[in-house]
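Working notes for the structure below.
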Amino acid sequence: MAQIICVTSHKGGVGKTVTSVNLAAALAMNGKKTLLVDCDPQGSASACTGIPKSISDPTLEHGVQGICTIEETMISGCHKFLKVIPMPRGILHEDDEFNLMQGQKICLGTFLGGAKDLFDYIIIDTAAPAGFLTLNAIIAANAVIIPLQCELLAFNTLHQTIKMLRKVKLTDNPGLGLAGILLTMYDKGENVSERIIKSARKHLKKSIFNTVIPRSVQIRELAAFCKPIVIRKITSVAAQRYFDLAWEVMQMRNSV
């Protein structure tokens with residue numbers, strides 16, 4: 001039975017897509033059958049795994065509308081154990097989410113239910129701010145990962161994400177757990193980064209992953225090369241940190 005992990009945050013630019021793509025690829029490279037679901041209307045996760053922008057095959061849009069089965073929406077990713085359900089970039093926009101999801105708060109969970117026995121992990125990338133698609137993703141998930149950029153603005157908005165998750169847990173998904181908060185874009189020796197690390201470790205304690213993702217040129221180049229850093233630059237420090245994150249995720253499978 002697949003563990004469904006939603007990567008989400010109220011703040012944009014904190015590393016949600018980078019985390020989703022590289023975690024999914026790292027899990028696949030560890031022999032885990034993994035499905036990456038692109039739930040961001042911008043289609044960034046699809047682009048970063050090499051899915052062509054002009055794709056005309058069935059996408060997530062068709063799946064949640066019941067037009068096709070989940071197997072029909074899956075595309076082979078950049079590793080033999082990785083499959084991707086793409087978002088139709090340029091077709092579905094944020095303004096269309098209301099029409100797609102109105103009154104269907106559990107439709108994504110129902111759709112993904114058909115893949116639970118096919119995979120070890122299902123990783124869902126989401127957009128910020130939270131819309132209908134993101135809400136559906138959180139309701140469908142067993143656990144969430146919250147990327148937290150090592151900057152004050154991101155740290156100060158963390159409570160908004162936690163508040164939303166608590167509300168979803170109370171109203172729609174009582175089984176929802178926090179896989180962990182992932183510190184991203186860390187600049188070693190930089191004053192603000194060090195303060196954020198220290199404060200997060202003090203106040204959030206066991207909710208924080210041991211793994212910290214550094215700021216990296218290779219990470220910023222992800223979209224340009226259309227391939228996860230764990231595959232393109234496997235020996236880089238950033239890639240190794242995502243392998244560390246995958247290891248933590250695999251270890252906590254039964255204790256979220």
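One is the number of the first residue; the rest follow in order along the sequence.
No donor-acceptor distance shorter than 3.5 angstrom exists from the side chain of Thr34 to the backbone of Tyr121, with no hydrogens or angles considered. In this structure a side-chain-to-backbone donor-acceptor pair under 3.5 Å is missing from Ser199 to Arg195. The backbone N or O of Val230 sits nowhere less than 3.5 Å from a side-chain atom of Lys233 that would complete a donor-acceptor pair. In this structure a side-chain-to-backbone donor-acceptor pair under 3.5 Å is missing from Asp172 to Val168. Side-chain atoms of Asn30 never come within 3.5 Å of backbone atoms of Lys32 as a donor-acceptor pair (strictly under, hydrogens ignored). The backbone N or O of Val237 sits nowhere less than 3.5 Å from a side-chain atom of Gln240 that would complete a donor-acceptor pair.
Under the 4.5 Å side-chain criterion, counting only non-hydrogen atoms from C-beta, Thr126 is not in contact with Leu133. A heavy-atom distance below 4.5 Å is not found between the side chains of Ile4 and Val37. Two residues are said to be in side-chain contact when any heavy atoms from C-beta on lie closer than 4.5 Å; Leu204 and Leu158 meet this criterion. Residues Leu108 and Ile139 have side chains not in contact (no heavy-atom distance under 4.5 Å, counting atoms from C-beta outward). Residues Thr184 and Cys150 form no side-chain contact, since every pair of their non-hydrogen atoms from C-beta on lies 4.5 Å or further apart. Residues Val21 and Leu36 form a side-chain contact, since some pair of their non-hydrogen atoms from C-beta on lies under 4.5 Å apart. The shortest distance between side-chain heavy atoms of Val14 and Leu148 does not fall below 4.5 Å. When side chains are defined from C-beta on, Pro86 counts as touching Ile75, because their heavy atoms get closer than 4.5 Å.
Applying the side chain to side chain contact (heavy atoms under 4.5 Å, CB included) test to Lys33 and every residue at least two apart in sequence or in another chain returns Phe81, Phe119, Asp120. Not counting sequence neighbours, the partners of Leu152 by the side chain to side chain contact (heavy atoms under 4.5 Å, CB included) test are Asn156, Val192, Ile196. With sequence neighbours excluded, the residues satisfying side chain to side chain contact (heavy atoms under 4.5 Å, CB included) with Leu165 are Thr8, Ile138, Val144, Ile146, Thr161, Leu176.
Closest of all the heavy-atom pairs between Ala24 and Leu82 is CB-CD1, 4.0 Å. Contact between Ala115 and Ile122 at its shortest, heavy atoms only, is CB-CD1, 4.2 Å. A pairwise comparison of heavy atoms in Ala45 and Asp38 identifies N-OD2, 3.4 Å as the closest pair. Across every non-hydrogen atom of Ser9 and Lys16, the tightest pair is N-CD, 3.4 Å. The two residues Phe111 and Thr69 have their closest heavy-atom pair at CE1-C, 4.0 Å. Considering every non-hydrogen atom in both Lys169 and Gly175, the closest pair reads NZ-C, 4.3 Å.
Note: Asp125 CG to Gln42 CD = 10.0 Å, rounded to the nearest 0.5 Å. From Ile213, atom CD1 reaches atom CE of Met185 across 10.5 Å, with rounding to the nearest 0.5 Å. With rounding to the nearest 0.5 Å, the separation of OG1 in Thr59 from CE in Met87 is 7.0 Å. Note that CD1 of Ile162 is 15.5 Å distant from NZ of Lys167, once rounded to the nearest 0.5 Å.
Crowding of Arg166 atom CZ: a count of heavy atoms from other residues, nucleotides or ligands under 6.0 Å not exceeding 12.
Thr17 pairs in a side-chain contact (heavy atoms from CB on, under 4.5 Å) with only one of the listed residues (Ser44, Ser46, Pro147), which is Ser44.
In the hydrophobic cluster analysis, where Ile, Leu, Val, Met, Phe, Trp and Tyr join through side-chain heavy atoms closer than 4.5 angstrom, Ile234 is grouped together with Met250. Taken together through direct or relayed side-chain contacts under 4.5 Å among Ile, Leu, Val, Met, Phe, Trp and Tyr, Leu35 and Leu118 form part of one hydrophobic cluster.
When only modelled atom types and interatomic distance are considered, Glu248 and Thr211 share a side-chain donor-acceptor pair under 3.5 Å. Residues Ser193 and Lys188 have side chains that never bring a donor and an acceptor to within less than 3.5 angstrom of each other. Using a 3.5 Å distance cut-off with no hydrogens or angles, the side chains of Glu194 and Tyr186 do pair a donor with an acceptor.
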Candidate pair Met164 and Leu135, rule side-chain contact (heavy atoms from CB on, under 4.5 Å), full reasoning: CA-CA 9 Å; Met164 175 190 65; Leu135 177 61; 5.9 Å; no
Stepwise side-chain contact (heavy atoms from CB on, under 4.5 Å) test for Ile124 and Ile5: CA-CA 6 Å; Ile124 309 176; Ile5 300 175; over 6 Å; no
Check against side-chain contact (heavy atoms from CB on, under 4.5 Å), Ile70 and Leu112: CA-CA 7 Å; Ile70 192 163; Leu112 293 180; 3.9 Å; yes
side-chain contact (heavy atoms from CB on, under 4.5 Å) assessment of Leu23 paired with Ile145: CA-CA 11 Å; Leu23 174 58; Ile145 290 176; 3.7 Å; yes
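Contact check on Glu151 versus Arg215 returns a salt bridge, with a Lys/Arg side-chain nitrogen under 4.0 Å from an Asp/Glu carboxylate oxygen.
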